[in-house]
Amino acid sequence: MQFPSSELPRNATALANAIRALAMDAVQKANSGHPGMPMGMAEMATALWACHLKHNPANPNWADRDRFVVSNGHGSMLLYSLLHLAGYNLPIEELKNFRQLHSKTPGHPEFGMTPGVETTTGPLGQGITNAVGMALAERLLAAQFNKPGFDLVDHNTYVFLGDGCLMEGISHEACSLAGVWGLSKLIALYDDNGISIDGQVDAWFRDDTRKRFDAYGWNVIGPIDGHDADAVAKAIAQARQWAVNGQFGRLAPTIIICKTHIGKGSPNRANTAKAHGEALGDEEIALTRKAIDWPYAPFEIPDELKSAWDGRAAGAKREGEWNELFDRYAKAHPQEAAEFKRRMKGDLPKDFAEKTQALIKKLAGDNLTVASRKASQIVLDDIGPRVPGMLGGSADLTGSNLTNWKGVASLRVNTKGELTPGDHINYGVREFGMAAIMNGVALHGGFIPYGGTFLTFSDYSRNAIRMAALMKIRVVHVFTHDSIGLGEDGPTHQPVEHPASLRLIPNLHVWRPADAVETAVAWKSALERRDGPSALLLSRQNLAPQVCDPAMAADVAKGAYVLASDGRPQIVLMATGSEVALAMQASARLREQGVRVRVVSVPSTTVFDQQSVQYKDSVLPFGVPRVAVEAGVTDFWWKYQPDAVLGLDRYGESAPAGELFKYFGITVDSLVETAKAVLGQ
């Protein structure tokens, strides 16, 4: 296929039918899947991939490739068919193993498993939101690195989406922001087929999509015939022109509304809910083959269509031209070129560890009594300016989350879509959208995204947090107001179950630091981590310093460590976050009564659980009774086999923080009494 061109190949219908055939054959062989969407969007896919998409099948990670996201990820066979046909490392055997164990063609596209898959999609609405993050990253990188004569960063983000994506509330959050940010290189193609699993959607979905996106500030094309590949190709060409030159004096994203028939080509299943999520059956497939004039055996693609679909030569040419551009850029702007390579590789600056360790040492000597949310901002004041690519934000709580740093500029886009770059983003009250946009930013590359809200609102963000953990991408969530310690806002804002709940998400590192030093270690660990997200759970109330020995910081990074201990301890007090201070005070009281005590601070149970058995045994010695304390639900802590847990198995109340801790019995006196009861005293 040649690029660029808005003219379709003469055999465009056959190219589209190749997608239809592969999709229905793979779903039939698996007896599982969704054939209707790939069959209905085949012409739309042909128009994009045959005329417009900039990519190189031999290098799915080429920095300046267009990003292509299938937000309606249940139609994964559309994407797998395209990747196979275009020449990615996805042989026909993998399509034959669709939805089978360890195949590269799982039921929904999974990032890191299949070459050419840009993000894991399936939970509807998150794909379009990831795409917004990708388009944002592209625009910010272009503003930072492009120079006159050197458009180093110059690619589009394309996303396919369906009715379900637009029904999910997250699409509103993300598309509203995309309009505000003037993301003109974001081009969405909406598969408007009017069918979902329960049938005709007009019984429950009657939005005027054109008016909706016009209100967001998007450009809107259509409705057009989604089965007219030429019309779709021309619409994309128009969107690409607007992406550069704008429309009506402003830059804006574009949505192309394509009216389609789900299961197009199937005589008896087209336009029915059955086409959505069921194999067509051998008889219907035979009828479909006849209807679309496809005389080939299952999974057979004739050589002339293979050749027409093969994008390897064009992709190699495009990337080769970009590599030549980059070489000239590197000669003219060597520092920027080196920084671009570092950022896209996801590396931290070479002196990051050394300078951050110096910060930790300083904090250990400063003995600060501050809220851990404030300690986090102190860390950001140091790290933010020296780690280009840190992209922070908050869901309308910057003054509470303290996610900005001294001198940081905020991202701003005027009503014409003109960008004033900044490294801090005001996401508005959009926790879920923020979390999934951050995933898109991380997937695109070039930035380390982090964002803040209150811990209790992690519930809104939760599925996007889960997706980051599933995809093993570096995203940092700053969750403040981490307990009843936030006080007067009351039970709606007091997170009692949230720390335990987040710790249940596999591959999410959850940190609840006890002081400024532990907060700095948590940030260092989160940024150095390359294989998953981290969550920092931070207090509103001031916390006394606990770690005064810089050498102890190495053990802090192991998730739990001995903060203080008598020889041959009789009891271990385990605590996390603000309750570490309680444990230290209780240990002093017990020591006065002749009890030998060890205090173990547990800033991250998830990291501690990954340590060696030997290290864990050295921290929690066998045979010594344990008491755990956290101002939250108690069930989680029983995994460490304590003899008692002091916590809070109910919702909070509205009152000053000090009164609440007394009211709920999360006090030094209660901890001392609990420890003595365990010891039979």
Side-chain angles (χ1 to χ4, degrees), residues 16 18-46 48-49 53 55 57 60 67-86 88-131 158-165 168 188-191 193 195-197 260 262-264 266 269 274-280 298-299 301 309 439 443 463 467 470-471:
I19 296 172
R20 284 193 176 89
L22 288 174
M24 65 182 182
D25 288 343
V27 172
Q28 182 64 28
K29 186 173 186 299
N31 195 27
S32 175
H34 301 74
M37 183 278 257
M39 297 174 71
M41 297 188 78
E43 282 83 10
M44 295 165 63
T46 301
L48 175 60
W49 281 62
L53 194 71
H55 65 118
R67 271 56 171 183
F68 175 62
V69 174
V70 178
S71 187
N72 39 354
H74 52 270
S76 57
M77 268 309 304
L78 175 75
L79 180 54
Y80 300 148
S81 298
L82 289 165
L83 294 172
H84 167 73
L85 291 167
Y88 285 78
N89 184 21
L90 194 67
I92 195 68
E93 288 74 22
E94 294 292 348
L95 274 64
K96 293 178 180 178
N97 285 327
F98 178 55
R99 289 189 164 222
Q100 304 309 300
L101 184 64
H102 302 316
S103 77
K104 291 184 179 180
T105 51
H108 292 80
E110 294 186 24
F111 174 74
M113 177 175 289
T114 312
V117 171
E118 299 284 2
T119 180
T120 299
T121 54
L124 293 174
Q126 289 199 58
I128 174 62
T129 310
N130 294 164
Y158 297 99
V159 57
F160 282 2
L161 67 158
D163 294 310
C165 296
E168 287 285 2
L189 288 91
Y190 167 36
D191 178 31
N193 62 37
I195 294 287
S196 67
I197 292 175
T260 63
I262 193 169
K264 171 73 172 177
S266 171
R269 291 291 185 89
K274 278 187 169 294
H276 178 91
E278 297 180 18
L280 298 182
F299 299 102
I301 305 295
W309 264 116
N439 288 351
L443 288 161
N463 200 263
M467 297 302 288
L470 180 64
M471 291 188 282

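Both backbone and side-chain heavy atoms feed into the values below; hydrogens, waters and symmetry mates do not.
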Please confirm whether the ring centroid of Trp309 lies under 6.0 Å from the ring centroid of His84. no

Ring center gap for Phe160 and Phe68 short of 6.0 angstrom: yes

Would you name the heavy atoms of [X] and [Y] that are closest together and state the gap between them?
X      : Y      : answer
His108 : Gly122 : CD2-CA, 3.4 Å
Tyr88  : Gly116 : CE2-CA, 3.9 Å
Asp25  : Pro298 : OD2-CA, 3.2 Å
Thr121 : Gly73  : OG1-CA, 3.5 Å
Asn72  : Leu124 : CA-CD2, 3.9 Å
Glu118 : Leu443 : O-CD2, 3.6 Å

Treating [X] as the side-chain partner and [Y] as the backbone partner, does any N or O pair qualify as donor plus acceptor under 3.5 Å?
X      : Y      : value
Ser76  : Gly107 : yes
Ser71  : Ile128 : yes
Thr105 : Leu95  : no
Ser103 : Asn97  : yes

Can you say whether the rings of His74 and His276 are parallel (under 30°), tilted (30 to 60°) or perpendicular (over 60°)?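 Geometry flag for His276 against His74: tilted rings.
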
Going from [atom1] on [X] to [atom2] on [Y], what distance comes out if it is rounded to the nearest 0.5 angstrom?
X      : Y      : atom1 : atom2 : result
Ser266 : Arg20  : OG    : CZ    : 11.0 Å
Asn31  : Arg99  : CG    : CZ    : 10.5 Å
Thr46  : Ile19  : OG1   : CD1   : 4.0 Å
Leu85  : Leu22  : CG    : CG    : 5.5 Å
Glu278 : Arg269 : CD    : CZ    : 5.5 Å
Phe299 : Lys96  : CZ    : NZ    : 7.0 Å

If you define the side chain from C-beta out and look only at heavy atoms, does anything of [X] sit under 4.5 Å from [Y]?
X      : Y      : result
Leu83  : Val117 : yes
Phe98  : Val27  : yes
Asp163 : Asn193 : yes

Results of side chain to side chain contact (heavy atoms under 4.5 Å, CB included) for Asn89 - residues two or more places apart only: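 For Asn89, the residues satisfying side chain to side chain contact (heavy atoms under 4.5 Å, CB included) (neighbours in sequence not counted) are Pro91, Lys104, Pro115.
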
Kindly determine whether Asn439 and Thr119 satisfy side chain to side chain contact (heavy atoms under 4.5 Å, CB included), including the steps that lead there. CA-CA 9 Å; Asn439 288 351; Thr119 180; over 6 Å; no

What side-chain donor-acceptor pairs closer than 3.5 Å can you find for residues 35-42, not counting sequence neighbours?
none

Distance-only polar pair, side chains of Asp191 and Thr260, donor-acceptor under 3.5 Å: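 Present: a donor and an acceptor within the cut-off.
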
